[in-house]
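The structure presented is a predicted model; accordingly, all values stated were derived computationally and were not measured.
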Amino acid sequence: VIIKPKISILEWALENFCVRGKPISFREYSYMPEMLLDNHYDNVILKSVQVGASEMAIITALYFCVEFGATCIFYFPNEAAVRDFAQQRVDGSINNSPALYKLVYGDMDKKTYYRKSKRIDKVSLKKIGKGHLYLRGTSTELSVASVASDVILLDEYDQMNQEYISKAENRMTNSDIKRIDRFSTPVYPDGPIEDEFKRSDMRLWHVRCEHCNEWQNLDYERHFVRRI
């Protein structure tokens, strides 16, 4: 069963998501809108570093929390990555976006909110609208098998304990959503993320050459390395 949303992820992001206090712009990441509009619920992103994949994953998680009241789980290779990502990226996204901040904290500052609501500001759990966002490592079986979910996002998939990933996927059994996004910079050839990518429809981003007008998928060895 696929639940049809009232608004697309892209439309939601343009209305609600801010970067450094300003509405998000996709000028630097022109490939991102097409990916956000993709309606597949099993996605594989084989990427390089610093290409905006984390922002796209945060947008996806917040969108499903707000629009569906979903339980989303952001998985990382280990617990050490959880705190920094939660405080710098997730909290930062909420604090910088007035609409999201109001949705989480109302008209109160954070200290007043937690005092009056008697909730604990947990690094690994955020209540966003009617939904919940968990942030977990994958270094132990307990961390991936203890919470049922609707959406799971696997950050740096190649570095994860692959033995436990299937257990995380099994925790979506009773969900009507069942969305999984895997994204990673390849650590070695034919690793887990590349293997998953080869089982997908293998879409590649193409750019047009300013000189010959040919559309092509950029390849480091083919386009940037000068042979002597």
Compare every heavy atom of [Y] with every heavy atom of [X], then report the nearest pair and how far apart it is.
X      : Y      : value
Ser93  : Leu100 : O-CD1, 4.1 Å
Ser139 : Glu79  : OG-CG, 4.4 Å
Asp150 : Met172 : O-SD, 3.6 Å
Cys18  : Asn96  : CB-O, 3.1 Å
Ser8   : Leu37  : OG-CD2, 3.8 Å

Counting heavy atoms not belonging to Lys178, are there more than 12 under 6.0 Å from its NZ?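 Enclosed: over 12 neighbouring heavy atoms sit under 6.0 Å from NZ of Lys178.
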Parallel, tilted or perpendicular, as decided by the 30° and 60° cut-offs, for the rings of Phe74 and Phe76: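 Answer is parallel, since the angle falls under 30°.
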Main-chain N/O of [Y] paired with [X] side-chain donor or acceptor, under 3.5 Å:
X      : Y      : result
Ser200 : Met202 : yes
Glu196 : Phe183 : no
Glu214 : Cys209 : no
Lys22  : Ile24  : no
Ser124 : Tyr134 : no
Asn170 : Thr173 : no

Is any side-chain heavy atom of [Y] closer than 4.5 Å to one of [X]?
X      : Y      : answer
Val144 : Asn161 : no
Gln162 : Tyr157 : yes
Val187 : Gln159 : yes
Val44  : Arg199 : no

salt_bridge(Glu55, Arg89) N-O dist < 4.0 Å: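 Judged by the 4.0 Å cut-off on N to carboxylate O distance, Glu55 and Arg89 do form a salt bridge.
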Any chance you could measure Trp205, atom CH2, to Ser30, atom OG, to the nearest 0.5 Å?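 Answer for the CH2-OG pair, Trp205 versus Ser30, is 4.5 Å.
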From His132 atom NE2 to Cys72 atom SG, the distance as rounded to the nearest 0.5 Å: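 Rounded to the nearest 0.5 Å, the NE2-SG separation comes out at 11.0 Å.
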Check the pair Tyr41, Val151 against side chain to side chain contact (heavy atoms under 4.5 Å, CB included), reporting the backbone distance first and the verdict last. CA-CA 9 Å; Tyr41 272 41; Val151 178; over 6 Å; no
Test Arg171 against Val147 for side chain to side chain contact (heavy atoms under 4.5 Å, CB included), laying out the working first. CA-CA 7 Å; Arg171 298 297 288 164; Val147 180; 5.6 Å; no
Assess whether side chain to side chain contact (heavy atoms under 4.5 Å, CB included) is satisfied between Ile45 and Met56, documenting all intermediate values. CA-CA 11 Å; Ile45 302 173; Met56 189 163 59; 3.5 Å; yes
Within 45° cone and under 6.0 Å: Arg136 NZ/CZ vs Tyr75 ring: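 The answer is no; the distance or angle limit is not met.
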Would Leu204 and Ile193 show up in the same hydrophobic cluster when neighbours are defined by side-chain heavy atoms closer than 4.5 Å?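 Linked within one cluster.
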Does the pair Asp158 and Thr185 meet the rule for a side chain to side chain contact (heavy atoms under 4.5 Å, CB included), with working shown? CA-CA 7 Å; Asp158 260 16; Thr185 302; over 6 Å; no
